[in-house]
Amino acid sequence: MDNIGDLSAIWQIVLNNIRDESSMPETAIDLWFGKFKMVSLSTDKVIFASDSEMKRGIITDKYSEFLADHVYRVIGFKPEVEIVVDPML
């Protein structure tokens, strides 16, 4: 699924789920996921884009499983998480 409108809607639901159901402070959510978007979704992989290599590395190391868990809560299956850099975000 690569329809940007659908992906944006799914990401907003995931992000709201993170806000409502995790203990992550709002400032941390804004810091790591403020300039972040879902760019592709298939049955085995979800690809997100971050605005910098630094954020990509930290989110990959610290939050990949966290993201996969919250994606699962929304779509019902747990794809592998990949994060790429898009400096235009």
Between N17 and I13, is there a donor-acceptor pair closer than 3.5 Å when you use the side chain of the first and the backbone of the second? no
Evaluate the side chain to side chain contact (heavy atoms under 4.5 Å, CB included) criterion for residues S50 and I83: first the C-alpha distance (whole Å), next the side-chain angles of each, then the deciding distance (0.1 Å), finally the verdict. CA-CA 7 Å; S50 179; I83 302 166; 4.1 Å; yes
Looking at the rings of F48 and F36, which for Trp means the six-membered one, are their centres under 6.0 Å apart? yes
If two hydrophobic side chains count as joined below 4.5 Å and joins carry through other members, does V46 share a cluster with F77? yes
Nearest 0.5 Å, what's the NZ-CG distance between K62 and L67? 14.5 Å
Measure the CG-NZ distance between L89 and K37 for me, rounded to the nearest 0.5 Å. 5.0 Å
Quick one: CG on L31 to NZ on K55, what's the gap to the nearest 0.5 Å? 5.5 Å
The reported gap from CG in D20 to CZ in R73 (rounded to nearest 0.5 angstrom) is 11.0 Å
Are I75 and V14 close enough, and set up right, to give a side chain to side chain contact (heavy atoms under 4.5 Å, CB included), and what steps lead you there? CA-CA 9 Å; I75 65 173; V14 171; 5.9 Å; no
What class does the angle between the rings of F33 and Y63 fall in, given that below 30° is parallel, 30 to 60° is tilted and above 60° is perpendicular? perpendicular
Could you give all pairs that pass the side chain to side chain donor-acceptor pair (under 3.5 Å) test and reach residues 76-87, with sequence neighbours left out? K45-E82, E65-K78, D69-K78
How long is the span from the CG atom in L7 to the OG atom in S40, to the nearest 0.5 Å? 7.0 Å
What's the verdict on side chain to side chain contact (heavy atoms under 4.5 Å, CB included) for L15 and I29, showing C-alpha distance, side-chain angles and the deciding distance? CA-CA 9 Å; L15 193 55; I29 293 170; 3.9 Å; yes
To the closest 0.5 Å, what do you measure between CE (M24) and CZ (R19)? 11.0 Å
